[in-house]
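Structure first, then comments.
Indexing begins at 1, ligand by ligand and atom by atom, following the structure's order.
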Amino acid sequence: MGEATAAVLAEVGAERQRQDARWGQQDHAPEVWLMVLAEEVGEANQAAFEHLFPRFDKHAAQRGPRSLADYRRELVQVAAVAVAAIESLDRQSGSAPS
Ligand SMILES: [Mg+2]
């Protein structure tokens, strides 16, 4: 594993810890996890869109313009939710990662 990959995965791990601290262990059905994941993908999409097209950003006046750092932060959340969904599936199916 390269250094860049390890650094990003560490960020995803830290985001997983934040999620657990905020929400506790979550054991949803697969379709619910997919909705949560889609919501996070939507936030990443919105951050990228508002960065590229700031005239459509309704909240820029309050919080400032969106940056690619906002998009990146949302992508880390997407990855962390995907990890949480895998963890949940493994717990519910009793299967250990192979
Ligand atoms: Mg998000």
Side-chain angles (χ1 to χ4, degrees):
M1 180 187 312
E3 283 183 35
T5 302
V8 170
L9 290 177
E11 289 183 66
V12 173
E15 177 58 26
R16 280 290 300 117
Q17 289 182 325
R18 278 192 290 274
Q19 291 173 345
D20 278 352
R22 181 171 184 185
W23 304 107
Q25 179 177 304
Q26 298 291 303
D27 289 307
H28 302 304
E31 59 270 29
V32 174
W33 276 116
L34 288 171
M35 286 188 282
V36 174
L37 188 60
E39 192 271 347
E40 290 295 343
V41 170
E43 290 179 351
N45 192 20
Q46 184 172 12
F49 178 84
E50 290 173 348
H51 172 70
L52 288 172
F53 303 103
R55 68 183 179 278
F56 295 113
D57 184 354
K58 294 180 282 190
H59 304 288
Q62 292 94 341
R63 61 156 154 64
R66 299 302 292 264
S67 68
L68 289 178
D70 296 321
Y71 163 68
R72 188 183 187 285
R73 188 177 313 109
E74 295 295 346
L75 287 181
V76 170
Q77 293 173 8
V78 168
V81 166
V83 170
I86 294 167
E87 292 172 20
S88 173
L89 183 65
D90 288 349
R91 277 192 302 274
Q92 293 177 65
S93 67
S95 67
S98 54

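- Note on E74: its N/O/S atom closest to the Mg ion (ligand 1) is OE1.
- Here the N, O or S atom of E43 that is nearest to the Mg ion (ligand 1) is OE1.
- In this structure, CG in D27 is found 4.0 Å from CZ in R91, a value given to the nearest 0.5 Å.
- The atom of E40 nearest to the Mg ion (ligand 1) is OE1, with the search restricted to N, O or S atoms.
- Between L68 atom CG and H51 atom NE2 the span is 3.5 Å, to the nearest 0.5 Å.
- Around the CZ atom of R72, the shell of radius 6.0 Å holds no more than 12 heavy atoms that belong to other residues, nucleotides or ligands.
- The main-chain N or O of S67 is found under 3.5 Å from a side-chain atom of D70 such that the two form a donor-acceptor pair.
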